Amino acid sequence: MLIPHDTRIALDTVVDLVNTAPESELPRDDLRDGLAGGSEDGLADVAALYAFAERHLISGVGTLGEKDLTAVRDVRARFAEIFATPDPRAAADLVNRLVAAAGTTPQLTDHDGYDWHVHYFAPDASIADHLAADCGMALAFIIVAGEQERLRRCEAPDCGHAFVDLSRNRSRRYCSSRTCGNRLHVAAYRARRKEAAG
C-alpha cells in the first residue's frame, strides 16, 4: 500500500493521539474485551498538549488553553470511535462529521524542508481543527483505499493501543513487535516449556 509522506505523518499523529487516552475513555467494546489503555491521561493538562504538538511538529499552534485541551480530547474520542468500528460505512460517517466540523480547507504547501503536500485545515485553525482535518483526511485515505481493517488495536491483553497495520499481508497483531509481541511470545514459550516439563 503506497501512502504519501504527509498521510503517513498524519496517521502516526492520530495513533499517538488516540493512545494518549486513559483506559476509562476507551470505547466500551474494547474495555469489555479486556483491552486496556494507559491508566493516566497522556493529555492531562495544557503542558502535555504543548508537548504533543511539539512532538508531532504541529505548525501554527500559538497559545493554547483549557478550551483547546477540551477540544483536542473530544477529537481524540472521535478518532477512538473510528478505530473501534468494524463497519466502513460507520467509519466513513464518523470521518465525514469530524472533517466537516473542522471546516476543511485543502491547501498545497511546502514548508520546513518538506516537498509539496496538502494541509486540510484552514489557516489559523485551532489545534483541534488542525488535527481533525489532517488526521481525519488520513483516515479517509485508508477507508477510500478499502483498507479500514488496517486500523487496529493491539491484541496484547494488557495493552489495547491503537496502530495502523501497514504490513504487506495485514498480519500485524501488536502495536510493537519489540514490546507487546515479544513479551507475549516469551510468555507463550515459557508456558509451553513449563507444560512439557510438568
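Computed from heavy atoms alone, side chains included, the values below leave out hydrogens, waters and symmetry copies. Nothing here was measured: the structure is a model prediction, and the numbers come from that model.
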Spacing of [X] atom [atom1] and [Y] atom [atom2] [to the nearest 0.5 Å]:
X: Asp74; Y: Leu98; atom1: CG; atom2: CG; value: 8.5 Å
X: Thr20; Y: Leu43; atom1: OG1; atom2: CG; value: 3.5 Å
X: Ile3; Y: Ile9; atom1: CD1; atom2: CD1; value: 12.0 Å
X: Ile127; Y: Leu64; atom1: CD1; atom2: CG; value: 5.0 Å
X: Asp134; Y: Thr7; atom1: CG; atom2: OG1; value: 9.0 Å
X: Arg173; Y: Asp165; atom1: CZ; atom2: CG; value: 11.5 Å

Could you report the tightest heavy-atom contact between [X] and [Y], atom names first, then the distance?
X: Ile143; Y: Pro88; answer: CG2-O, 4.3 Å
X: Pro4; Y: Phe141; answer: CD-CZ, 3.9 Å
X: Phe83; Y: Arg153; answer: CB-NE, 4.5 Å
X: Cys180; Y: Tyr174; answer: CB-CB, 4.1 Å
X: Gly136; Y: Val95; answer: O-CG1, 3.4 Å
X: Glu147; Y: Arg170; answer: OE1-NE, 2.8 Å

Checklist line | Pairwise ring pair (Phe, Tyr, Trp, His ring centres under 6.0 Å) hits with a residue in residues 40-64, at least two apart | finding: Phe52-His56
Check: Counting heavy atoms not belonging to Asp124, are there more than 12 under 6.0 Å from its CG?
Finding: no
Next item on the list: Evaluate the side-chain contact (heavy atoms from CB on, under 4.5 Å) criterion for residues Leu17 and Val72: first the C-alpha distance (whole Å), next the side-chain angles of each, then the deciding distance (0.1 Å), finally the verdict.
Entry: CA-CA 9 Å; Leu17 179 61; Val72 169; 3.8 Å; yes
Note to self: Ignoring hydrogens and geometry beyond distance, is a side-chain donor-acceptor pair present between Thr85 and Asp87 at under 3.5 Å?
What the structure shows: no
Check: Going by heavy atoms in the side chains, are Leu94 and Arg78 under 4.5 Å from each other?
Finding: no
Margin query: I'd like to know if Met137 and Val75 are part of one continuous hydrophobic network [Ile/Leu/Val/Met/Phe/Trp/Tyr, side-chain heavy atoms within less than 4.5 Å].
Written below: yes
Check: In the single-linkage hydrophobic clustering (I, L, V, M, F, W, Y; side-chain heavy atoms under 4.5 Å), do Leu166 and Val14 co-cluster?
Finding: yes
Next item on the list: May I ask you to decide whether Asp93 forms a salt bridge with Arg97, counting only side-chain N to carboxylate O separations under 4.0 Å?
Entry: yes
Checklist line | All pairs passing salt bridge (charged side-chain N to carboxylate O under 4.0 Å, His left out) where residues 44-66 contributes a residue, at least two apart | finding: Asp16-Arg55
Next item on the list: Would you check, one step at a time, whether the test side-chain contact (heavy atoms from CB on, under 4.5 Å) holds for Asp41 with Arg76?
Entry: CA-CA 11 Å; Asp41 192 332; Arg76 175 181 69 185; 2.8 Å; yes
Margin query: Quick one: does any side-chain atom of Arg172 pair with a main-chain N or O of Cys175 as donor and acceptor, under 3.5 Å?
Written below: yes
Next item on the list: Walk me through it: do Ile58 and Leu131 pass the test side-chain contact (heavy atoms from CB on, under 4.5 Å)?
Entry: CA-CA 9 Å; Ile58 298 173; Leu131 291 168; 3.7 Å; yes
